[in-house]
Colleague: 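Structure in structure tokens, see below.
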Amino acid sequence: MKRSVGQIMGRTGIRIPLILWTIAVLYPIFWMFLGSFKSNAEIYRNPWGWPETFNIANFSQAWTNYNIDVSVFNSLLVTLLGAVLTLVLAIPTAYAIERMNFRGSKVLFTVYISAMMIPMVLGWIPLFFLLDDLNLLDNIFGLAIVYAVSQLPFSIFVLTSFMSTIPKSLEESAAIDGLSPYGILFKIVTPLSMSGIITVTIMNCIQFWNEYFMALIFLQTKTNYTLALAIDYISNEAQYTNAWGTLFASLVIAIVPVIILYGIFQRRIAKGMTEGAIKG
């Protein structure tokens, strides 16, 4: 079927801005990757060109001299703890709101949804004093708790959308067979909601891994720095030491796991978010 000139022009008009936007987004990342393999002298001499040799000295320096290894471990720990704690809190809450008709369930769900509209920055000062009172300030576990609580509204919103489509007859049959409410939740509802759980977990992990401001406020010692804070420290140091190659290398270390994770689960994330929106 031949396309008309108008259709061709329309498709071209849509694709050109997308191509330009893709170049604008990918080129700085590509330039950062190249810079991570250059020496400082080479960065100043030829900032936009290919490196003469792909040298990994910048990665070694960032890993050892700037304690990126400790920061990677801290980020990994707080990300995993935050993601697991979010699921522990969100799955039973979403099930209770969706399936148990108790007084105030709709109001509670509305409160959770409304919390998604409230800027998290409004709670930073009260959280600071609360963590200080609980001796969780400058503590990885305290930061993980804050992360989990901050993502609860989003997680509950997505999970209730998935749980609402599970036939109640399955739960009724399980109850007749003698399963307790917790057994129904963990043996029937949770496996059938696995697509939504995986989507929520991946989105939360990416959010926790990249988070900067709450880590900056609630963490104070370098040994507890997450990767975002370590990179900020290197960035400040680079203004005086000109260690731009080391900074680029640390940025590569930070974004590669996110790119890999999103690349592997891209279709599942898109599918999960679409199904959750349609089912909700």
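Positions are given from 1 along the sequence. Here the structure is a predicted model, which means the values were calculated and not measured.
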Colleague: Kindly determine whether Leu81 and Leu85 satisfy side chain to side chain contact (heavy atoms under 4.5 Å, CB included), including the steps that lead there.
Modeller: CA-CA 6 Å; Leu81 287 175; Leu85 185 57; over 6 Å; no
Colleague: Which heavy atom of Val70 sits nearest to which heavy atom of Thr223, and what is that distance?
Modeller: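 That would be CG1-O, 3.5 Å.
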Colleague: Would you mind reporting whether Phe208 and Val78 have side-chain heavy atoms less than 4.5 Å apart?
Modeller: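 No; the side chains remain at least 4.5 Å from each other.
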Colleague: Does any non-hydrogen side-chain atom of Asp69 lie less than 4.5 Å from one of Thr64?
Modeller: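 No, side chains not in contact.
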Colleague: Is a donor on one side and an acceptor on the other found under 3.5 Å between the side chain of Thr160 and the backbone of Ala94?
Modeller: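 Checking the backbone N and O of Ala94 against the side chain of Thr160, no donor-acceptor pair under 3.5 Å is found.
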Colleague: Begin with the C-alpha distance, continue with both residues' side-chain angles, and end with the deciding distance and a verdict on side chain to side chain contact (heavy atoms under 4.5 Å, CB included) for Val121 and Phe213.
Modeller: CA-CA 9 Å; Val121 64; Phe213 288 105; over 6 Å; no
Colleague: How many angstroms lie between SG in Cys205 and CG in Leu80, if you round to the nearest 0.5 Å?
Modeller: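 Rounded to the nearest 0.5 Å, the SG-CG separation comes to 6.5 Å.
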Colleague: Below 4.5 Å, heavy atoms only, C-beta onward: do Ser193 and Ile166 meet side chain to side chain?
Modeller: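 Side-chain contact under 4.5 Å: yes.
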Colleague: State the OG-CD1 distance between Ser75 and Ile253, to the nearest 0.5 angstrom.
Modeller: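 So the OG of Ser75 and the CD1 of Ile253 are separated by 11.5 Å.
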Colleague: Given the rule that I, L, V, M, F, W and Y join up when any side-chain heavy atoms are under 4.5 Å apart, are Tyr112 and Met100 in one cluster?
Modeller: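 Yes, one cluster joins them.
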Colleague: Check for a donor-acceptor pair, side chain of Glu171 on one end and backbone N or O of Ser173 on the other, with a separation under 3.5 Å.
Modeller: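 No, because the side chain of Glu171 does not come within donor-acceptor range (under 3.5 Å) of the backbone of Ser173.
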Colleague: Considering non-hydrogen atoms only, spot the tightest contact between Ala62 and Ile68 and give its length.
Modeller: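 Ala62 and Ile68 have their closest heavy atoms at O-CG1, 2.9 Å.
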Colleague: Kindly say whether Leu227 contributes a backbone atom to a donor-acceptor pair with the side chain of Trp209 at under 3.5 angstrom?
Modeller: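 Between the backbone of Leu227 and the side chain of Trp209 there is no qualifying donor-acceptor contact (under 3.5 Å).
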Colleague: Taking Met117 as the starting point, is it possible to reach Val107 by hopping between hydrophobic residues whose side chains are less than 4.5 Å apart?
Modeller: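 No.
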Colleague: Please name the pair of heavy atoms, one in Ala254 and one in Pro257, separated by the smallest distance, quoted to 0.1 Å.
Modeller: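 Closest approach of Ala254 to Pro257: O-CD, 3.6 Å.
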Colleague: Start with the C-alpha gap between Tyr225 and Gln220, add the side-chain angles, then the distance that decides, and say whether side-chain hydrogen bond (donor to acceptor under 3.5 Å, both in side chains) holds.
Modeller: CA-CA 8 Å; Tyr225 275 5; Gln220 299 171 348; over 6 Å; no
Colleague: Can you tell me how far CG of Leu134 sits from CG of Asn139, rounded to the nearest 0.5 angstrom?
Modeller: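 Reported value, rounded in 0.5 Å steps: 10.5 Å.
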Colleague: Using modelled atom types only, decide if a donor and an acceptor are shared between the side chain of Asn46 and the backbone of Gly49 within a distance under 3.5 Å.
Modeller: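 Yes: the side chain of Asn46 pairs with the backbone of Gly49.
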Colleague: Keeping Asn236 on the side-chain end and Asp232 on the backbone end, is there a donor-acceptor pair under 3.5 Å?
Modeller: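 Side chain of Asn236 to backbone of Asp232, a donor-acceptor pair under 3.5 Å: yes, one is there.
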Colleague: Just say parallel, tilted or perpendicular for the rings of Tyr27 and Phe30, cut-offs at 30° and 60°.
Modeller: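 Tyr27 and Phe30: tilted rings.
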Colleague: Apply side-chain hydrogen bond (donor to acceptor under 3.5 Å, both in side chains) to the pair Glu98 and Ser164, showing each step before the final yes or no.
Modeller: CA-CA 6 Å; Glu98 178 59 35; Ser164 64; 4.6 Å; no
Colleague: Are any side-chain N or O atoms of Ser36 and backbone N or O atoms of Phe33, one a donor and one an acceptor, separated by less than 3.5 Å?
Modeller: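 Side chain of Ser36 to backbone of Phe33, a donor-acceptor pair under 3.5 Å: yes, one is there.
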Colleague: Has Trp48 got more than 12 heavy atoms of other residues, nucleotides or ligands less than 6.0 Å from its CH2?
Modeller: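 Result for CH2/Trp48: enclosed.
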Colleague: So, Gln61 and Thr246: side-chain donor and acceptor under 3.5 Å apart, yes or no?
Modeller: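 Yes, Thr246 and Gln61 have a side-chain donor paired with an acceptor closer than 3.5 Å.
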Colleague: Using the rule that Ile, Leu, Val, Met, Phe, Trp and Tyr join whenever any side-chain heavy atoms are under 4.5 Å apart, tell me whether Ile198 and Val258 fall into a single cluster.
Modeller: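 Both belong to a single hydrophobic cluster.
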Colleague: When rounded to the nearest 0.5 angstrom, what distance separates OH in Tyr147 from CD in Gln207?
Modeller: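 Between atom OH of Tyr147 and atom CD of Gln207 there are 8.5 Å.
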Colleague: Count the heavy atoms of every other residue, nucleotide or ligand shown that sit under 6.0 Å from CD1 of Ile56, and state whether that count exceeds 12.
Modeller: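 Result for CD1/Ile56: open.
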Colleague: Please list, chain by chain and in numerical order, all residues satisfying salt bridge (Lys or Arg N to Asp or Glu O under 4.0 Å) with Glu52, sequence neighbours excluded.
Modeller: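 Applying salt bridge (Lys or Arg N to Asp or Glu O under 4.0 Å) to Glu52 gives Arg45.
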Colleague: Does the side chain to side chain contact (heavy atoms under 4.5 Å, CB included) test come out yes or no for Met214 and Ser150, once each step is laid out?
Modeller: CA-CA 10 Å; Met214 285 189 284; Ser150 68; 4.3 Å; yes
Colleague: Among the clusters formed by ILVMFWY side chains lying less than 4.5 Å apart, do Val25 and Leu18 turn up in the same one?
Modeller: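 No, no single cluster joins them.
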Colleague: To the nearest 0.5 Å, tell me how far Arg103 CZ sits from Leu108 CG.
Modeller: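 So the CZ of Arg103 and the CG of Leu108 are separated by 14.5 Å.
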Colleague: For Leu185, does its backbone N or O pair with a side-chain atom of Thr190 as donor and acceptor, under 3.5 Å?
Modeller: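 Indeed, once roles are kept as given, a pair shorter than 3.5 Å links the two residues.
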Colleague: More than 12 foreign heavy atoms under 6.0 Å from CZ of Phe54: is that the case here?
Modeller: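 Counting other residues, nucleotides and ligands, CZ of Phe54 exceeds 12 neighbours.
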Colleague: Does Ser39 use its side chain to pair, donor to acceptor, with the backbone of Glu42 at less than 3.5 Å?
Modeller: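 Yes, Ser39 side chain to Glu42 backbone: donor-acceptor pair under 3.5 Å.
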Colleague: Using side-chain heavy atoms (C-beta onward) and a distance below 4.5 Å, is Phe59 in contact with Trp63?
Modeller: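 Result no, sub-4.5 Å side-chain heavy-atom pair not found.
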Colleague: Under 4.5 Å between side-chain heavy atoms, counting indirect links through other Ile/Leu/Val/Met/Phe/Trp/Tyr residues: same cluster for Val200 and Leu192 or not?
Modeller: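 Yes; tracing contacts between hydrophobic side chains, which count when under 4.5 Å, links both residues.
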Colleague: Starting from the C-alpha separation in whole Å, work towards a yes-or-no answer on side-chain hydrogen bond (donor to acceptor under 3.5 Å, both in side chains) for Asn224 and Thr221.
Modeller: CA-CA 6 Å; Asn224 289 330; Thr221 57; 3.1 Å; yes
Colleague: Specify the closest pair of heavy atoms between Pro153 and Val149, including all atoms of both residues, with the distance to one decimal.
Modeller: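 So the two residues come closest at CD-O, 3.7 Å.
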Colleague: Which pair of non-hydrogen atoms, one from Leu131 and one from Gly142, has the smallest distance, and what is that distance?
Modeller: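 That closest heavy-atom pairing would be CD2-O, 4.3 Å.
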Colleague: May I ask you to check whether over 12 heavy atoms, not counting those of Ile125, lie within 6.0 Å of atom CD1?
Modeller: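 No, because the 6.0 Å sphere around CD1 of Ile125 holds 12 heavy atoms or fewer from other groups.
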Colleague: Counting only N and O atoms by type, is there a donor-acceptor contact under 3.5 Å from the side chain of Arg99 to the main-chain atoms of Met163?
Modeller: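 A pair under 3.5 Å: yes.
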Colleague: Quick check, are the ring centers of Phe248 and Phe37 under 6.0 angstrom apart?
Modeller: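 No - the distance between ring centres of Phe248 and Phe37 does not fall below the 6.0 Å cut-off.
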Colleague: For Phe73, look at atom CZ and say whether over 12 heavy atoms of other residues, nucleotides or ligands are found less than 6.0 Å away.
Modeller: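 Check fails, neighbour count at 12 or below.
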Colleague: Hey, what do you get for CG (Asp138) to CD1 (Ile217), rounding to the nearest 0.5 Å?
Modeller: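 The CG atom of Asp138 sits 13.5 Å away from the CD1 atom of Ile217.
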Colleague: Determine, stepwise, if the pair Met203 / Phe154 fulfils side chain to side chain contact (heavy atoms under 4.5 Å, CB included).
Modeller: CA-CA 10 Å; Met203 297 296 290; Phe154 166 76; 4.1 Å; yes
Colleague: Starting from the C-alpha separation in whole Å, work towards a yes-or-no answer on side-chain hydrogen bond (donor to acceptor under 3.5 Å, both in side chains) for Thr226 and Asn74.
Modeller: CA-CA 5 Å; Thr226 59; Asn74 290 338; over 6 Å; no
Colleague: I'd like to know if the side chain of Glu211 and the backbone of Ala215 have a donor-acceptor N/O pair within less than 3.5 Å.
Modeller: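 Yes; judged by distance alone, with no hydrogens or angles, the pair exists.
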Colleague: Taking all heavy atoms of Ile231 and all of Leu247, pick out the closest pair and write down the distance.
Modeller: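 So the minimum-distance heavy-atom pair works out to O-CD1, 3.9 Å.
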